[in-house]
A.B. asks: 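Quick one: structure below, then a few questions.
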Amino acid sequence: MAKRIVESFIDDIDGSDAEGTTTFALDGTSYEIDLSGRNREKLEKALAPFITKARPVRAEKGVRGRRAAAGAGRAISREKSTEIRRWAREQGLPVSERGRIAASVVKQYESAH
């Protein structure tokens, strides 16, 4: 038994056959819309004056499984981590020689400085 599944896109603007899905973002919200070639050209033409003056931005990497706390996930420079480790040892705080520094230790360091 053979089965053929056909997926077709319908233009969200005028109901004609769409060529596919177009993704765009504005103010931090991403949108998807299925458009025909003609309507995609209209969208591109409408956005062109803004796109030519805009700066491209790399997408931020998301955090899987949970939302990152404000400021979490920022890399600390090697010099800064060495300074934090030295300070933590002077304060008697537990800190490893290598690897990540506990957020609580970093927070205490930042509060003290």
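We use all heavy atoms of the structure for the numbers below, so side chains are in, but hydrogens, waters and symmetry mates are not.
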A.B. asks: Might you work through the side-chain contact (heavy atoms from CB on, under 4.5 Å) test for R4 and V6, ending with a clear yes or no?
C.D. replies: CA-CA 6 Å; R4 179 181 295 181; V6 178; 4.0 Å; yes

A.B. asks: Start with the C-alpha distance between F9 and D17, add both sets of side-chain angles, then the distance that settles side-chain contact (heavy atoms from CB on, under 4.5 Å), and finish with yes or no.
C.D. replies: CA-CA 6 Å; F9 292 93; D17 289 338; over 6 Å; no

A.B. asks: What donor-acceptor contacts under 3.5 angstrom involve side-chain atoms of residues 35-56, with partners at least two apart or in another chain?
C.D. replies:
| from | atom 1 | to | atom 2 | distance (Å) |
| --- | --- | --- | --- | --- |
| S36 | OG | D11 | OD2 | 3.0 |
| S36 | OG | N39 | N | 3.3 |
| N39 | ND2 | D11 | OD1 | 3.2 |
| N39 | ND2 | D11 | OD2 | 2.8 |
| N39 | ND2 | D14 | OD2 | 3.2 |
| R40 | NE | E44 | OE2 | 2.8 |
| R40 | NH1 | T22 | OG1 | 2.9 |
| R40 | NH2 | E44 | OE2 | 3.2 |
| T52 | OG1 | A48 | O | 3.2 |
| T52 | OG1 | P49 | O | 3.2 |

A.B. asks: Using the test side chain to side chain contact (heavy atoms under 4.5 Å, CB included), find all partners of Q91 that sit at least two apart in sequence or belong to another chain.
C.D. replies: W87, L93

A.B. asks: Of all residues at least two apart in sequence or in a different chain, which pass the side chain to side chain donor-acceptor pair (under 3.5 Å) check with E97?
C.D. replies: R89

A.B. asks: The criterion is side chain to side chain contact (heavy atoms under 4.5 Å, CB included); which residues satisfy it with A102, sequence neighbours excluded?
C.D. replies: S104, V105

A.B. asks: Find out whether T23 and I33 are in side-chain contact, i.e. whether some heavy atom of one side chain is under 4.5 Å from a heavy atom of the other.
C.D. replies: no

A.B. asks: Sequence neighbours excluded, which residues qualify as side chain to side chain contact (heavy atoms under 4.5 Å, CB included) partners of E110?
C.D. replies: V106

A.B. asks: With Y31, which residues qualify under ring pair (Phe, Tyr, Trp, His ring centres under 6.0 Å), at least two apart?
C.D. replies: F24

A.B. asks: Under the side chain to side chain donor-acceptor pair (under 3.5 Å) rule, collect the residues that match up with T82, sequence neighbours excluded.
C.D. replies: none

A.B. asks: Is there any salt bridge (Lys or Arg N to Asp or Glu O under 4.0 Å) pair reaching into residues 75-88, and which pairs are they, with sequence neighbours excluded?
C.D. replies: none

